[in-house]
Participant: 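The structure that follows is given in the form of structure tokens.
Every heavy atom of this structure was used, including side-chain atoms; hydrogens, water molecules and symmetry mates were not. Numbers here are sequence positions counted from 1. The model shown is predicted, which means the values in this text are computed figures rather than measured ones.
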Amino acid sequence: MLRHVLHDGLRTSFHKLGHFVANHPVFFASAPVLVSILLGASFSRYRIEENVEYLLAPKHSLAKIEGNLVDSLFPVNRSKHTLYSDLQTPGRYGRVILTSRRGSVLDPHHVSSVLKLHNTITQIQVPMLGFNYTFAHLCLLDESKNCIVDDILRVLEEMRSARASNRSIPLLRYPITRLKDGREAYIGHQLGGVQTGGRDGVRSAQALQLTYYLHPASPLNEVVAADWELVFCRELEDFGEAHPELGLYPFTSSSLQRDFQRTSRVSERPLLFSLAGCLSLAMLCCSMRDCVRTKPWLGLLALVTVSLATLTSAGIFNLTGGKYNSTYLGIPFVMLGHGLFGTFEMLSSWRRTREDQHVKERVAAVFSDCMLPFTASTALHVVTFGIGASPFTNIEAVRLFCRNACISVLFNYLYILTFYGSNLVFAGYLENNYRHSLFCRRVPKPELLQQKPAWYRFLMYTHYNEEATETGPLRAYESHLLLAFMKRYYCDWITNTYVKPFVVLFYLVYVSFALMGYLQVSEGSDLSNVVATETSTIAYTRAQQRYFSSYSPVIGFYIYESIEYWNISVQEDLLQYTGGFERISWFESYLNYLHGLNITTSLSRSNFTEHLRSGFLRQASYMHFSDDIIFAKRPDGEFDVVASRMFLVAKTTENKREEMSILLDTLRKLSLTSRVKFIIFNPSFVYMDRYASSVGAPLKNSCIAAVFLLFFSTFLAADPLVNAWLTVTVISVEFGLVGFMTLWQVELDCVSVLCLIYGVNYAVDSSAPLVSAFALGRESTRTHWVKLALERHGVPALQSYLCYGAALLPLAAVPSNLTRTLFRCLFLTAIITAFHCLAILPVLLTFLPPSKKKRREREEDGEEDREEIECVEMVDSTRVVDQITTV
């Protein structure tokens with residue numbers, strides 16, 4: 001009882017709201033336009049977010065805490081040349097992969113070309129304030145105040161010198177080789193596509209990677225370093241044209257940010273085609289043969305309403321100091337899907353109103369019929385995106401998207417109520433006065449129209465409804481193509497007894513494929529998934545995966561507490577922990593040094609430290625290990641090792657990122673149980689750590705919030721089973737969306753998760769009116785009410801799917817991985833939701849609850865002899881009708 005009272009009270013409130021809008025149409029049509037123009041002027045504050053790590057890396061992760069601890073002991077910016085990572089190297093740098101189109105990069109002519117390129121890069125000049133800056137002014141310096149360059153360049157210099165003096169070429173081993181000065185160096189990330197010959201060392205290599213690390217010490221040097229990176233890319237382009245035998249793939253610290261934002265620029269033209277296609281189809285879907293009842297301008301105004309809401313929300317975003325990024329490309333499509341359902345439902349409800357009513361009454365009836373489910377779906381949008389915008393969301397790109405989508409949907413809702421509702425009033429006056437919907441000219445009556453030429457009769461064709469009957473307006477609107485198709489063909493076909501088993505069978509096939517994809521879901525922490533395709537980042541990433549995927553990034557193994565290095569058991573533990581890796585370890589080198597001197601490794605504390613400081617670190621081949629050890633003086637005057645680091649490299653396969661995630665979890669678990677207190681770190685761990693849980697958490701929280709909202713709003717629905725059906729539909733749509741998304745090679749990243757959150761709302765938008773109309777039906781069979789629900793709400797749903805699909809198709813042509821993910825996820829959302837709304841739900845509702853029993857027993861107690869007389873007086877602008885209906 002309470003549920004019906006609340007339901008009727010809300011419908012009455014929206015009826016009054018419709019009257020209020022119809023009484024002030026000029027104000028409600030002009031106010032949103034004025035607000036949008038005023039807020040749109042704030043685009044002078046347009047700014048772009050340049051920090052990709054801030055957007056895409058989890059905000060709260062153990063890797064960031066470990067990175068801060070590591071940076072306090074061994075500054076990462078000073079040791080980035082040893083702590084190698086692919087795309088996440090901190091600071092400024094320039095990097096290039098060179099490949100040989102024929103032969104090996106170690107061939108004499110290729111070696112000469114590489115060294116020539118190195119000389120060209122070091123001589124790059126950047127003019128600034130009357131001074132020419134070169135690499136020597138910006139480079140990262142070692143302890144001897146020399147620029148740090150890759151060890152492979154020293155190897156190439158030795159090879160060229162040996163060939164020039166007719167000496168034997170030094171043996172080059174892989175991945176750890178020994179240099180001329182006796183120092184061991186890891187070159188696994190500098191030499192790729194290697195073929196080894198056992199004891200003969202490296203026989204050939206297909207690729208070579210050079211990195212030039214910059215260390216700007218002032219804001220001015222930071223600007224110069226940014227310019228140096230641009231000149232670096234131009235020099236490589238010129239060098240590649242002059243040396244076609246080499247393939248060059250440049251990459252700099254700003255490449256990822258630049259290519260991430262490039263998606264917005266390459267999407268401009270396809271988005272215009274998207275708008276044009278959706279606009280054309282919306283006008284076509286609202287058109288019909290009848291020149292009075294056709295509403296193409298309302299189809300146009302539906303897109304104008306969404307555009308005004310977008311402009312308003314963007315203006316608020318600019319005024320609040322927001323910065324744009326490429327993930328915001330999905331927000332217009334969120335608003336479009338939400339707005340199309342609302343506007344087409346209002347137009348469908350308008351067709352069901354009686355033409356002999358006054359325009360204000362018709363608009364009020366539309367608001368009473370449509371605004372309650374539309375308000376409920378808008379509330380669901382706000383809740384799901386609001387949960388995603390909460391501080392609990394660990395990825396900033398997802399949180400910002402959800403916050404702005406929440407604001408945009410709210411304004412979309414308000415503008416549909418005001419701007420679109422007021423334009424519906426204007427269109428209603430044109431229709432009630434029998435004026436042409438395009439030319440606003442009054443259409444002559446049939447007897448006068450027959451005297452006109454054929455072309456005039458064709459343009460002015462309409463159906464005059466002089467007799468006010470309940471079926472008159474519906475018959476007049478049956479000339480609408482989609483309505484006629486739905487009523488005459490589709491409703492009978494989908495409810496046919498012989499069609500239902502095939503629909504159920506098709507649904508079982510759908511569930512099977514969705515389950516197959518669901519079991520193969522993988523996370524997409526690869527940053528190349530969010531950049532434009534035809535960019536240097538993608539080219540570099542492909543070359544990296546092809547030639548340098550055999551080994552992991554260099555993992556820093558940091559012992560942050562003083563331990564008993566001289567203890568045999570501790571030594572065994574350390575050697576065991578690092579035994580499965582390729583290692584650059586001061587500790588292992590020191591033990592070998594002691595063995596070479598026939599000194600036992602089981603020394604006292606003082607002897608162990610003294611040999612380390614006075615003997616080992618003074619050797620030329622081991623002097624570089626001084627940066628890996630921190631000594632502290634004890635109160636008794638002796639020195640102790642308080643912290644140290646080693647560098648580990650793991651052997652990997654093609655599934656490099658998955659293996660790195662497993663390795664990271666394994667080593668962290670080991671650090672918790674080991675008596676040696678250590679942490680591991682690499683700059684790429686900031687993106688990988690807790691990525692799956694950080695990406696999945698907003699989706700999980702939004703789905704839980706949606707289910708709870710549907711559960712607790714049961715008392716607002718006309719029937720409790722409405723929310724039960726909506727919950728089942730959402731679960732089925734999301735399950736299929738995850739499965740088919742995976743089968744279409746879309747990984748679980750921030751963009752796909754945002755689409756999954758929107759999929760919850762899109763499914764409710766589409767199915768709520770259909771299920772509600774079916775649940776409210778009484779006194780007939782299930783099949784009858786399924787057909788009636790499809791006639792009323794299947795047409796606006798079909799119109800929305802067509803227009804939304806037309807808007808999505810141009811996205812497929814955008815050369816960007818981000819828009820590719822966006823298109824595939826949103827397109828699957830529309831297809832799967834349409835399948836559920838137009839096929840699965842109509843079939844299942846014909847034989848599942850709620851039932852449609854006739855309720856004659858309730859009317860037998862004294863009501864069979866009673867007559868009700870309803871006198872209705874309806875006034876419009878052309879006539880007054882007194883109609884008495886006997887019930």
Participant: Nearest 0.5 Å, what's the CD-NZ distance between Glu582 and Lys651?
Facilitator: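 The CD atom of Glu582 sits 8.0 Å away from the NZ atom of Lys651.
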
Participant: Under a plain distance cut-off of 3.5 Å, with no hydrogens placed, do Asn592 and Ser589 share a side-chain donor-acceptor pair?
Facilitator: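 No pair is found: no donor N or O on one side chain lies under 3.5 Å from an acceptor on the other.
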
Participant: Taking atom types as modelled, find out whether His243 and Ser113 have a side-chain donor-acceptor pair closer than 3.5 angstrom.
Facilitator: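 The criterion, which ignores hydrogens and geometry beyond distance, is not satisfied for Ser113 and His243.
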
Participant: Less than 4.5 Å apart, any side-chain heavy atom of Ile680 and any of Phe557?
Facilitator: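 Yes; the side chains approach each other to less than 4.5 Å.
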
Participant: Does the separation of the ring centres of Tyr558 and Phe681 fall below 6.0 angstrom?
Facilitator: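 Ring centres of Phe681 and Tyr558 not closer than 6.0 Å.
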
Participant: What pair of heavy atoms forms the shortest contact from Phe239 to Leu248, and how long is it?
Facilitator: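 Nearest heavy atoms, Phe239 then Leu248: CD2-CD1, 3.9 Å.
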
Participant: With no hydrogens and no angle check, do the side chains of Ser674 and Ser671 hold a donor and an acceptor under 3.5 Å apart?
Facilitator: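 No, because no side-chain N or O of Ser674 sits under 3.5 Å from a partner of the opposite role on Ser671.
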
Participant: Within 45 degrees of the axis of the six-membered ring of Phe631 and under 6.0 Å from its centre: does Arg613 put its NZ or CZ there?
Facilitator: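 Yes, Arg613 and Phe631 form such a contact.
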
Participant: side-chain contact (heavy atoms from CB on, under 4.5 Å) between Gln190 and Phe548: does it pass, once the steps are laid out?
Facilitator: CA-CA 8 Å; Gln190 300 171 14; Phe548 297 93; 5.8 Å; no

Participant: For residues Ser528 and Thr541, is any side-chain donor paired with an opposing acceptor at under 3.5 Å?
Facilitator: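 On atom types as modelled, these side chains do not qualify, holding no pair under 3.5 Å.
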
Participant: With side chains defined as the heavy atoms from C-beta onward, is the minimum distance between Leu574 and Glu588 less than 4.5 Å?
Facilitator: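 They are not in contact (no side-chain heavy atoms under 4.5 Å apart), so the answer is no.
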
Participant: Where does the angle between the aromatic ring planes of Phe232 and Trp228 fall among parallel (under 30°), tilted (30 to 60°) and perpendicular (over 60°)?
Facilitator: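 Answer is parallel, since the angle falls under 30°.
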
Participant: Okay, side chain of Asn394, backbone of His60: is any donor-acceptor separation there less than 3.5 Å?
Facilitator: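 Judged by distance alone, yes, a pair lies under 3.5 Å.
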
Participant: Distance alone, cut at 3.5 Å: any donor-acceptor contact between the side chains of Glu66 and Tyr560?
Facilitator: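 No, Tyr560 and Glu66 have no side-chain donor paired with an acceptor closer than 3.5 Å.
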
Participant: With Tyr590, which residues qualify under ring pair (Phe, Tyr, Trp, His ring centres under 6.0 Å), at least two apart?
Facilitator: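 Expected list: Phe608, Phe616.
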
Participant: Any sub-3.5 Å donor-acceptor pair from Asn682's side-chain atoms to Ser684's backbone N or O?
Facilitator: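 Judged by distance alone, yes, a pair lies under 3.5 Å.
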
Participant: Does Ser562 have any side-chain hydrogen bond (donor to acceptor under 3.5 Å, both in side chains) partners at least two apart in sequence or in another chain, and if so, which?
Facilitator: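 Asp640.
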
Participant: Hey, what do you get for OG (Ser255) to CZ (Phe260), rounding to the nearest 0.5 Å?
Facilitator: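 Reported value, rounded in 0.5 Å steps: 15.0 Å.
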
Participant: How many angstroms lie between CG in Leu617 and CG in Leu612, if you round to the nearest 0.5 Å?
Facilitator: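 So the CG of Leu617 and the CG of Leu612 are separated by 4.5 Å.
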
Participant: So, does Gln195 use its side chain to make a donor-acceptor pair with the main chain of Ser204 at under 3.5 Å?
Facilitator: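 No, because the side chain of Gln195 does not come within donor-acceptor range (under 3.5 Å) of the backbone of Ser204.
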
Participant: Hey, is the main chain of Thr652 close enough, under 3.5 Å, to the side chain of Ser552 for a donor-acceptor pair?
Facilitator: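 Answer holds: no.
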
Participant: Looking only at non-hydrogen atoms, find the nearest pair between Ser100 and Gly103 and report the distance.
Facilitator: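 The answer is OG-O, 3.1 Å.
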
Participant: Mark yes or no for whether Ser626, through its side chain, and Met623, through its backbone, hold a donor-acceptor pair below 3.5 Å.
Facilitator: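 Answer holds: yes.
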
Participant: Just by modelled atom types, is the Arg102 backbone N or O under 3.5 Å from a matching donor or acceptor in the His110 side chain?
Facilitator: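 Answer holds: yes.
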
Participant: Counting neighbours of CD on Glu241 that are heavy atoms of other residues, nucleotides or ligands and sit closer than 6.0 Å, is the number greater than 12?
Facilitator: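 Correct, the count exceeds 12.
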
Participant: Applying side chain to side chain donor-acceptor pair (under 3.5 Å) between Thr537 and each of Thr252, Asn817, Asp259, report the one that passes.
Facilitator: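 By the side chain to side chain donor-acceptor pair (under 3.5 Å) criterion, Thr537 pairs with just one of Thr252, Asn817, Asp259: Asp259.
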
Participant: To check you understand the geometry: which heavy-atom pair defines the closest contact between Ser85 and Arg95, and what is its length?
Facilitator: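 Nearest heavy atoms, Ser85 then Arg95: O-NH1, 3.2 Å.
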
Participant: Is the shortest side-chain heavy-atom distance between Glu235 and Ile121 below 4.5 Å?
Facilitator: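 Counting from C-beta outward, Glu235 and Ile121 never come under 4.5 Å.
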
Participant: Taking the side chain as every heavy atom from C-beta outward, state whether Leu210 and Val114 have any atom pair closer than 4.5 Å.
Facilitator: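 Heavy-atom side-chain distance check passes, below 4.5 Å.
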
Participant: Kindly say whether Thr578 contributes a backbone atom to a donor-acceptor pair with the side chain of Arg583 at under 3.5 angstrom?
Facilitator: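 Checked: pair present.
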
Participant: For the OG1 atom of Thr177 and the CD1 atom of Ile152, what is their distance to the nearest 0.5 Å?
Facilitator: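 Spacing of OG1 (Thr177) from CD1 (Ile152) equals 8.0 Å.
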
Participant: Can you confirm whether more than 12 heavy atoms, excluding those of Arg542, are under 6.0 Å from its CZ atom?
Facilitator: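 For Arg542, atom CZ is not crowded (no more than 12 foreign heavy atoms under 6.0 Å).
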
Participant: NE2 of His624 to CG of Asp181: how many Å apart, nearest 0.5 Å?
Facilitator: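 It comes to 8.5 Å.
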
Participant: Could you please spell out the steps behind the side-chain contact (heavy atoms from CB on, under 4.5 Å) verdict for Asp238 and Thr120?
Facilitator: CA-CA 11 Å; Asp238 295 339; Thr120 302; over 6 Å; no

Participant: Is a side-chain donor-acceptor pair under 3.5 Å present for Ser644 with Tyr565?
Facilitator: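 Judged by distance alone, the side chains do pair up.
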
Participant: What pairs with Cys147 under disulfide (SG to SG under 2.5 Å), at least two apart in sequence or on another chain?
Facilitator: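 So Cys147 forms a disulfide (SG to SG under 2.5 Å) with Cys139.
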
Participant: Is there side-chain contact between Arg163 and Ile169, with at least one heavy-atom pair below 4.5 Å?
Facilitator: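 In contact.
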
Participant: With a 6.0 Å cut-off (strictly less than), is the heavy-atom count around NZ of Lys116, excluding the residue itself, greater than 12?
Facilitator: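 No, the 6.0 Å shell around NZ holds no more than 12 heavy atoms from other groups.
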
Participant: Kindly write out the residues that satisfy side-chain hydrogen bond (donor to acceptor under 3.5 Å, both in side chains) with Asp151, not counting sequence neighbours, or none if the list is empty.
Facilitator: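 Result, side-chain hydrogen bond (donor to acceptor under 3.5 Å, both in side chains) vs Asp151: Arg154, Arg183.
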
Participant: What pairs of residues pass the ring-ring contact (aromatic ring centres under 6.0 Å, His included) test when at least one of them lies in residues 154-177, not counting sequence neighbours?
Facilitator: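 Applying ring-ring contact (aromatic ring centres under 6.0 Å, His included) to every pair that reaches into residues 154-177, excluding sequence neighbours, yields Tyr174-Tyr551.
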
Participant: In terms of side-chain geometry, is the basic nitrogen of Arg160 or Glu157 positioned less than 4.0 Å from the acidic oxygen of its partner?
Facilitator: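 Looking at Arg160 and Glu157, the cut-off is met.
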
Participant: Kindly compute the distance separating CD (Gln619) from CZ (Phe625), expressed to the nearest 0.5 Å.
Facilitator: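 Nearest 0.5 Å value for the CD-CZ distance: 12.5 Å.
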
Participant: What I'd like to find out is whether the side chain of Ile97 reaches to under 4.5 Å of the side chain of Tyr540, using heavy atoms alone.
Facilitator: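 A side-chain contact under 4.5 Å exists here.
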
Participant: Do His137 and Thr134 have side-chain atoms, one donor and one acceptor, less than 3.5 Å apart?
Facilitator: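 The criterion, which ignores hydrogens and geometry beyond distance, is satisfied for Thr134 and His137.
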
Participant: Check whether more than 12 heavy atoms from other residues, nucleotides or ligands sit under 6.0 Å from atom CD of Glu237, and answer yes or no.
Facilitator: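 For Glu237, atom CD is not crowded (no more than 12 foreign heavy atoms under 6.0 Å).
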
Participant: If you measure from the Lys or Arg side-chain nitrogens to the Asp or Glu carboxylate oxygens, is any gap between Glu222 and Arg92 under 4.0 Å?
Facilitator: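 A salt bridge links Glu222 with Arg92.
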
Participant: Shortest non-hydrogen contact from Ile124 to Val231?
Facilitator: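 Closest approach of Ile124 to Val231, heavy atoms only: CG2-CG1, 3.4 Å.
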
Participant: Using every non-hydrogen atom in the two residues, find where Thr821 and Asp749 come nearest and quote the distance to one decimal.
Facilitator: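 Between these two residues, the closest heavy atoms are CG2-OD1, 4.2 Å.
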
Participant: Would you call Leu220 and Tyr133 a side-chain contact if the rule is heavy atoms closer than 4.5 Å?
Facilitator: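 With C-beta onward as the side chain, the pair touches.
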
Participant: side-chain hydrogen bond (donor to acceptor under 3.5 Å, both in side chains) with Tyr212: which residues, sequence neighbours excluded?
Facilitator: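 side-chain hydrogen bond (donor to acceptor under 3.5 Å, both in side chains) check on Tyr212 returns His118.
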
Participant: Is a side-chain N or O of Ser522 found less than 3.5 angstrom from the main chain of Glu747, in a donor-acceptor match?
Facilitator: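 No; judged by distance alone, with no hydrogens or angles, the pair does not exist.
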
Participant: Decide whether Ser254 and Glu229 meet the rule of one side-chain donor and one side-chain acceptor closer than 3.5 Å.
Facilitator: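 Result is yes, a qualifying pair exists.
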
Participant: State, yes or no, whether a side-chain contact exists between Arg178 and Pro170 at a heavy-atom distance under 4.5 Å.
Facilitator: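 Heavy-atom side-chain distance check fails, nothing below 4.5 Å.
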
Participant: May I have the step-by-step check of side-chain contact (heavy atoms from CB on, under 4.5 Å) for Ile48 and Asn325, ending in yes or no?
Facilitator: CA-CA 6 Å; Ile48 296 176; Asn325 64 78; over 6 Å; no

Participant: Go through the steps for Leu56 and Val530 under the test side-chain contact (heavy atoms from CB on, under 4.5 Å), then give the verdict.
Facilitator: CA-CA 10 Å; Leu56 302 179; Val530 294; 3.7 Å; yes

Participant: Do Gln206 and Tyr547 have a side chain donor and acceptor closer than 3.5 Å?
Facilitator: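 No, no side-chain donor-acceptor contact under 3.5 Å.
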
